[in-house]
Amino acid sequence: MSRTSLTSLELLLAVETHGSIGGAARALGLAQPTVSAGLRGLERSLGVQLVRRTARGSTLTEAGVRAAELARDVLAASDRFEQSMAGASGRGSGRLVVAASMTVAENLMPSWLARWQRELTNRRVQRPSVELLVRNSVGVMRAVLDRDAEIGYIEGGDVLPGLTAVTVGVDELVAVVGPTHPWADGQVAAAPDQLATAGLVLREKGSGTREVLERALAAVGAVLPHDLPQLGSTSAIKSALAEGDSVGVISMRAVSGELRLGTLVRVPLVGLDLRREFRAVRRARDDLGAAARELLAVSVRSEGGSR
């Protein structure tokens, strides 16, 4: 009797996790027909229907749910085998290098890593050591292309050639000021041209935040002045806003605490779409290792992406 491939079991678990064949394909960086064909092959080899396909998406049958439970155990055992053999052969201690943009690294990555490591512990899988490289979005993509990191997380924008991307979640940029700024009284709803000339403090070129803002302004015919201050981190911008004269455009994820406390105040914007996606990137021709695959799955589940 031929053995079931681990790849087909990963496809089944991806459908269970993401709720559809399309979502599974995006999470795994595969074409949807490839995933569909792999699942049909698994069903033929086992002689049972595993996936119920409807116009609203795909769900697992009762047999599929049971198969997914067993598949999770099989893949966990495979991971333990690989880790054990890696240790026996001296191939390393299971180290994963992740690159992340500033917003992701500061506001999302800590909870993703904690959840991922809890899941590994519950499955009795050895936890690899993790190194986190913090860059702007362009720097993240270059780190992945240069093989300095296996997987990267960026904020919107174009993906460099040689990479493939998976949507992890959504975000929104908001305009904020200090509590003594004239706009803090809530009487101003800033138009794009007002925002562009209102003493903005910006992230540096290459950051996802800067790129999303520039694109949104360009879409309505507004441009940023060339002489605006540029700071290398969100924390630095928030400190600058405390002086009272500047305006910042920052991820809602990064300022939610300050907005609750009142140390920063949100300024309503008119006619400007500042929504964006958080995306995971990997080298297009390389498969992710087990650790990176599982971290990606955790991040997508946490943020509700790739649906």
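Model, not experiment: these values are computed from the prediction.
Between the OG atom in Ser233 and the CG atom in Asn136 there is a gap of 11.5 Å [rounded to 0.5 Å]. Distance OG1/Thr209 to CZ/Arg276: 4.0 Å, rounded to 0.5 Å. Atoms CZ and OG, on Arg115 and Ser299 in that order, are 9.5 Å from each other to the nearest 0.5 Å. For the atom pair CH2 (Trp116) and CG (Leu96), the distance works out to 5.0 Å, reported to the nearest 0.5 Å. Rounding to the nearest 0.5 angstrom, the gap separating the OG1 atom in Thr103 from the CE atom in Met252 is 13.5 Å. Taking OG of Ser251 as the start and CZ of Phe278 as the end, the distance is 4.5 Å to the nearest 0.5 Å.
Counting heavy atoms from C-beta outward, Tyr153 and Leu295 have side chains that approach closer than 4.5 Å. In this structure the side chain of Arg282 never reaches within 4.5 angstrom of the side chain of Asp286, judged on heavy atoms. Side-chain contact between Pro128 and Arg95: absent, with no pair of heavy atoms (C-beta onward) separated by less than 4.5 Å. Contact of the Leu272 side chain with the Leu217 side chain is registered, since non-hydrogen atoms from C-beta on lie closer than 4.5 Å. Between Arg210 and Lys205 there is a side-chain heavy-atom pair separated by less than 4.5 Å.
Follow the hydrophobic side-chain contacts under 4.5 Å out from Leu108 and you never reach Val255; the two are in separate clusters. Val223 and Val201 fall into different hydrophobic clusters, defined by Ile, Leu, Val, Met, Phe, Trp and Tyr side-chain heavy atoms under 4.5 Å apart, directly or through other members. The hydrophobic cluster containing Val270 does not contain Leu200, counting ILVMFWY residues as joined when their side-chain heavy atoms lie under 4.5 angstrom apart, directly or transitively. Under a hydrophobic clustering in which Ile, Leu, Val, Met, Phe, Trp and Tyr are joined whenever their side-chain heavy atoms come within less than 4.5 Å, directly or via other members, Val104 and Leu296 fall into the same cluster. Val15 and Leu70 sit in two unconnected hydrophobic clusters of ILVMFWY residues. Membership requires side-chain heavy atoms under 4.5 Å apart, directly or through other members.
Side chains of Thr61 and Gln49: a donor-acceptor N/O pair is absent below 3.5 angstrom, by distance only. Side-chain atoms of Ser5 and Ser8 form a donor-acceptor pair, as typed in the model, at a separation below 3.5 Å. For the residue pair Thr263/Glu258, the side-chain donor-acceptor check at 3.5 Å is not satisfied.
Listed for the Arg53 side chain is a donor-acceptor partner under 3.5 Å among the backbone atoms of Val51. Of the possible polar contacts, one joining the Lys238 side chain to the Ala254 backbone as a donor-acceptor pair under 3.5 Å is found. With Glu277 contributing its side chain and Arg279 its backbone, the two residues share no donor-acceptor pair below 3.5 Å. The closest donor-acceptor contact from the side chain of Ser302 to the backbone of Val298 lies under 3.5 Å. In this structure, the side chain of Ser246 does not engage the main chain of Leu241 through any donor-acceptor pair within 3.5 Å. Put simply, the side chain of Glu150 never gets that close to the backbone of Leu288: no donor and acceptor are under 3.5 Å apart. At least one donor-acceptor pair under 3.5 Å links the side chain of Glu43 to the backbone N or O of Leu50. Here the side chain of Thr121 pairs a donor or acceptor atom with the backbone of Gln117 at under 3.5 angstrom.
Of all heavy-atom pairs between Asp158 and Glu211, the closest is N-OE2, 3.5 Å. Contact between Val140 and Ala100 at its shortest, heavy atoms only, is CG2-C, 3.4 Å. Annotation for Ala222 and Pro192: closest pair CB-CB, 4.3 Å, computed over non-hydrogen atoms. Among all heavy-atom pairs drawn from Ile151 and Ala280, the shortest one is CD1-CB, 4.3 Å. Taking all atoms of both residues into account, the shortest heavy-atom contact from Ala99 to Ala143 is CB-CB, 4.2 Å. Here the closest heavy-atom approach between residue Leu195 and residue Val247 is recorded as CD1-CG1, 3.9 Å.
Checked against Val265 for a side-chain contact (heavy atoms from CB on, under 4.5 Å), the options Asp185, Val176, Val177 give a single hit: Val177. When each of Glu16, Glu119, Glu10 is paired with Arg72, the salt bridge (Lys or Arg N to Asp or Glu O under 4.0 Å) condition holds for Glu16 and for no other.
Annotation for Glu69: atom CD counts as buried by contact number, over 12 foreign heavy atoms lying within 6.0 Å.
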**Item:** Worked verdict on Glu214 versus Arg203 for salt bridge (charged side-chain N to carboxylate O under 4.0 Å, His left out)
**Value:** CA-CA 11 Å; Glu214 288 180 335; Arg203 285 289 307 277; over 6 Å; no

**Item:** Intermediate values then yes/no, side-chain contact (heavy atoms from CB on, under 4.5 Å), Leu213 and Leu274
**Value:** CA-CA 7 Å; Leu213 175 59; Leu274 292 175; 4.1 Å; yes

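Ion pair Arg215/Asp273 not flagged as a salt bridge, since none of the NZ, NE, NH1 or NH2 atoms sits closer than 4.0 Å to an Asp/Glu carboxylate oxygen.
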